Amino acid sequence: MDKFIEELNKQQQEAIKKIDGPVLVIAGAGSGKTKTLTYRIAYLIQDKKVSPHSILAVTFTNKAANEMKQRIYYLIGETNIPFLGTFHAMCVKFLRRDGENIGVGKNFNIYDTNDSLEAIKDAMKILNISPREYSPNKVLGLISSCKNELMSPVEYASFARMPIQEVASQVYPVYQNILKNANALDFDDLIMKTVELFSFKDILEKYQEQFKYVLVDEYQDTNHAQYILIKMLASKYRNLYCVGDPDQNIYTFRGATIDNILNFENDYPEATVIMLEQNYRSTKNILKAAHHVISKNVKRKEKEMWTENFEGDKIKRYIANSEKDEGYFIVQKLKQKGDYKNAAVLYRTNAQSRAIEEVFLEENIPYRLVGGVRFYDRKEIKDILSYLKILSNPKDNIALKRILNVPGRKIGKKSEEDLEDSARNENLSILEYLVSHQDKINQNVRTFASLMEYFLSLIERNEINLSRFIDIIIQKINYIPYLEEEGEAGEVRIENIKELNTVASRYDNAELKLGLRDFLEDVSLVEKETGAEDESENQVTLMSVHSAKGLEFDTVFIVGMEEGLFPHSNSMFSPDDIEEERRLAYVGMTRAKRELYILNAERRTIYGSSQSNPVSRFVRDIPDYLLTFEDKFSGYGGSSYSYDLPASNPFKKGDYVMHPMFQKGVVLVSEADSVTISFEGYGIKKLLISFAKGLKKIDY
C-alpha cells in the first residue's frame with residue numbers, strides 16, 4: 001500500500017491513516033473523494049489487518065459500489081472484500097436474515113414506485129377516497145416523507161393538519177396493511193424496518209460486533225432514517241468514517257438533510273475533521289467562479305477549492321434571444337470542436353431539453369438524453385417482472401393485477417374487482433384464491449389460474465434454470481405474438497425482452513427459487529438509478545443538473561440561467577431552498593474540466609407560455625474579471641435563423657408521414673405552426689414546422 005499512498009496529497013494521506021474514532025472528510029468537488037474512501041478501506045485490510053468482514057461501506061448507487069470494489073481489488077488483490085453496497089442493499093440483507101423478528105417474511109418482495117402507487121390506489125378505494133380529488137402520487141409522497149422521518153401511522157395521524165395530510169394519514173395504515181398481506185416492502189420500508197429490527201438489543205449488538213468499522217459515502221445526502229440507522233450501527237465502537245460535501249447537498253426533495261453532515265461534530269465531539277480542498281478536475285478560473293457562487297451560502301463549512309491545473313479560459317457567457325437561440329449557439333460551438341462525447345448540456349428542469357433536442361435533431365447533432373424511459377420502467381419489462389414477482393411471492397396482489405389480463409384474456413375490471421373482494425373475504429391473496437377455488441371462477445380466469453399453477457410447479461420441481469423458466473413463461477402466455485401486433489414498435493419490445501433474459505442468465509447457476517428471488521431483488525435495487533447506456537459513442541450528453549452530480553466533462557453548457565428557472569420559482573420564498581439552488585448551480589459549474597459556458601435567454605417559451613426574466617443571481621455572483629461574453633451571430637452555416645417567422649404547414653389531420661429519426665407516423669393534430677404526430681416506435685410527439693426538416697407525406 002505504501003507506494004499507492006505516496007501518490008496522494010497530505011490531506012488524503014491523513015484521511016486514510018486516521019483509523020480509530022469518528023472521522024468526517026469534507027471532500028470538495030473533484031478532490032478525489034472515491035479514491036480516498038477506497039484507499040482507506042484497502043489500508044484497513046492490508047496494513048492494519050482488519051478483517052474485511054468487520055468493514056461496512058455504504059454508498060448511494062450500485063455504480064459507486066462497483067467502482068469501489070474494482071479499485072480495492074486493484075490495490076490489494078483481495079477477492080474477499082468488505083460489504084460495499086447501497087443503503088437499500090444493506091438493509092435487504094439484514095431483513096432477509098432477521099426480519100422475521102418483526103414479522104417480515106424472508107421471501108418478501110420489494111415494491112418499486114409503480115407497485116407502491118397501485119397499492120396506494122387500492123388503499124384509497126377501500127377507504128372510498130376519490131383519486132380525482134386527492135392525487136395518489138401526492139399521498140404516496142407524503143407517506144414516503146413520513147417513513148424518511150421514521151414516523152409511524154399513529155404519529156402521522158396526530159401531526160396531519162391540511163386536508164391532503166389527513167387523507168394520507170388515513171391511507172397510511174391501510175397501505176401498510178396491504179404491503180404486509182402481500183409480504184412486500186417499499187423502498188422506504190427497507191430502511192424503516194431495519195431501524196425497527198435494531199430495536200432488538202441482541203440483534204443490534206450482533207451487527208455492531210460484526211461491523212466495527214462503518215464508512216458512509218455522500219454523507220450530505222442521508223435522510224433522517226439513514227442517519228439514525230448509521231448512528232445505531234456505529235454507536236458501540238464509534239469507528240464511523242463519513243465522506244461528503246455540504247456544498248453538494250442537492251437532494252432535499254428526496255429527504256436528504258444537510259444538518260446530518262453539518263452537525264457531525266455535535267454528534268461526535270471527539271471527531272477528526274479533514275478537509276480535501278485540492279481539486280484535480282477543473283481549471284483555476286472555473287474553481288474561482290464556482291467559489292464566488294457557493295460562498296454566498298450560510299449553511300456550509302468554509303473551504304475554498306484550489307488546483308495545480310492551468311488557469312484556463314474565462315467563463316463564457318452567451319445571452320440568447322430565445323431558448324432556440326441557445327440551442328443554435330451550442331450547435332455552433334460543438335461543430336467547431338467536433339468532440340461531442342466530452343460535452344454536456346445541463347439544465348434545471350427536464351422540460352428545457354425539448355428546445356435543445358429539436359435544434360440538435362435539425363442540425364444532426366448526436367446526443368443521448370439521460371433521464372428518459374429506463375430499461376426496467378418499460379411496459380414489456382414490467383409485465384414479465386410482474387409474472388416473476390407473483391410466482392416468487394404468491395401474496396403479491398399488485399403484481400397479479402398488472403398481468404391478470406396481459407396479454408388480453410377477456411378478464412374485465414369488474415371480474416378483477418370481484419376476485420379481489422372474494423379473496424379478501426377469505427383472507428387470501430388473489431392467486432391463492434384462484435388456485436383453491438377454481439370451481440367458482442369463469443373459464444377465462446380458470447385458464448389463467450391453471451397457467452400459474454403450472455409455473456409454480458416448475459419452481460417446485462427445480463429442473464430448469466431461471467432464463468429457461470422465463471422463456472417458458474413468455475411462450476405459454478403468448479407474449480411474443482402479443483408484441484408482434486404492434487409492428488416495428490413491438491420488434492423493439494421483443495428485443496428488450498431478450499435483453500431481460502440476458503440479465504436473468506447471470507442467475508442460472510442458482511437453484512431456481514433462489515435465483516428468481518435474487519434476480520428480482522437486484523432488479524428492484526437498481527430501479528431508481530439513472531445512467532447512460534452507451535458511453536462509447538460520440539454523443540453530446542443532455543441531462544438535468546441533478547443527474548450530472550458525480551460526473552465530469554471537458555466542456556459544459558448550462559442553459560436557462562434566469563431568475564424563476566435557475567433558481568427555480570418554487571424556491572423564491574425560502575432562504576433554505578435558495579441555498580439548495582445555489583448548491584445545485586455549484587454542482588453544475590464544477591462538472592466542467594476545461595470550458596464552462598453559461599447561457600440565459602432574453603425571452604423563453606416554456607410550460608406553454610412566453611417569459612422574459614432577469615439573468616440568474618448566481619451569474620451575477622461571478623466577478624466580471626472571470627467572464628467573457630460571446631458575440632451574437634446571425635445564423636449557423638451562413639444562414640439566418642427563422643424560428644420567429646410563421647411557417648407554412650402542409651400537413652393535415654390523418655396524413656401519413658415519415659420522419660428521418662422517428663420514422664413512420666400519422667398526424668393527429670395540425671396547427672398553424674406545428675403538428676402532433678403518433679409515431680409507431682416513439683409515441684406521440686409535437687413538432688414545430690420550422691424544425692420538422694425532413695418530415696414528408698407518404699402513402700401508407
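In what follows, every heavy atom counts, from backbone to side chain, and hydrogens, waters and symmetry copies are set aside. Bear in mind that the values here come from a model prediction, so they are computed numbers and not experimental data.
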### Task
Find out whether I365 and L334 are in side-chain contact, i.e. whether some heavy atom of one side chain is under 4.5 Å from a heavy atom of the other.
yes
## Note on the structure
So CG of L287 and CG of N279: to nearest 0.5 Å the spacing works out to 4.0 Å
#### Entry: Distance, nearest 0.5 Å, that separates CG of L599 from CD1 of I330
5.5 Å
### Task
Run the salt-bridge test on K335 and E363 with the 4.0 Å N-O cut-off and return the result as yes or no.
yes
### Message
Pairing donors with acceptors under 3.5 angstrom, does anything connect the side chains of S612 and R603?
### Response
no
### Query
What's the spacing between T59 OG1 and N66 CG if we round to 0.5 Å?
8.5 Å
### Query
Under 4.0 Å between a Lys/Arg side-chain N and an Asp/Glu carboxylate O for K549 and D221?
yes
### Exercise: do E484 and Y482 side chains pair donor with acceptor under 3.5 Å
no
### K63 and E67 ion-paired at < 4.0 Å
no
### Query
Any sub-3.5 Å donor-acceptor pair from E326's side-chain atoms to G560's backbone N or O?
yes
### Message
Under a 3.5 Å cutoff, is there a donor and acceptor pairing between the side chains of T283 and D313?
### Response
no
### Query
Are S116 and T113 close enough that a side-chain donor and a side-chain acceptor fall under 3.5 Å?
no
#### Entry: Electrostatic pair K382:D112 at N-O distance under 4.0 angstrom
yes
### Aromatic ring proximity F87/F60, centre distance under 6.0 Å
yes
### Query
With a 4.0 Å cut-off, would you call R300 and E579 a salt bridge?
no
### Message
With a 4.0 Å cut-off on N to O distance, would you call D115 and R402 a salt bridge?
### Response
no
### Message
Less than 3.5 Å apart, any donor N or O on the side chain of Y219 or D245 sitting next to an acceptor on the other?
### Response
no
### Task
Report yes or no: does R591 contribute a side-chain atom to a donor-acceptor pair with the main-chain N or O of L551 at less than 3.5 Å?
yes
### Query
Are side-chain N/O atoms of S616 and E562 paired as donor and acceptor at under 3.5 Å?
no
### Pairwise distance CG(D624) to CZ(R317) - rounded to 0.5 angstrom
10.0 Å
### Message
Please determine whether a side-chain nitrogen of the Lys or Arg among K303 and D247 lies less than 4.0 Å from a carboxylate oxygen of the Asp or Glu.
### Response
yes
#### Entry: Value rounded to 0.5 Å, distance of CZ in F360 from OH in Y367
9.0 Å
### Query
Counting N and O atoms only, with roles assigned by atom type, does the side chain of Y597 sit under 3.5 Å from a partner on the main chain of I315, one being a donor and the other an acceptor?
no
### Query
Would you call P567 and M572 a side-chain contact if the rule is heavy atoms closer than 4.5 Å?
yes
### Message
Using a strict threshold of under 4.0 Å (side-chain N to carboxylate O), is an ion pair present between D522 and R506?
### Response
no
### Salt-bridge present (E311, K288; N to O < 4.0 Å)
yes
### Message
Looking only at side-chain N and O atoms, does N613 offer a donor or acceptor that is under 3.5 Å from a partner on E563?
### Response
no
### Query
Quick one: do R617 and D621 make a salt bridge, cutoff under 4.0 Å?
no
### Query
Any side-chain donor paired with an acceptor under 3.5 Å for Y328 and E362?
yes
### Message
Using side-chain heavy atoms (C-beta onward) and a distance below 4.5 Å, is K697 in contact with M658?
### Response
no
### Message
Let me confirm one number: the CG-CZ distance from N600 to F618, rounded to the nearest 0.5 Å.
### Response
13.5 Å
### Query
Between Y586 and R583, is there a cation-pi geometry (under 6.0 Å to ring centre, at most 45° from the normal)?
no
### Task
Would you check if L276 and K33 make a side-chain contact, meaning some heavy-atom pair closer than 4.5 Å?
no
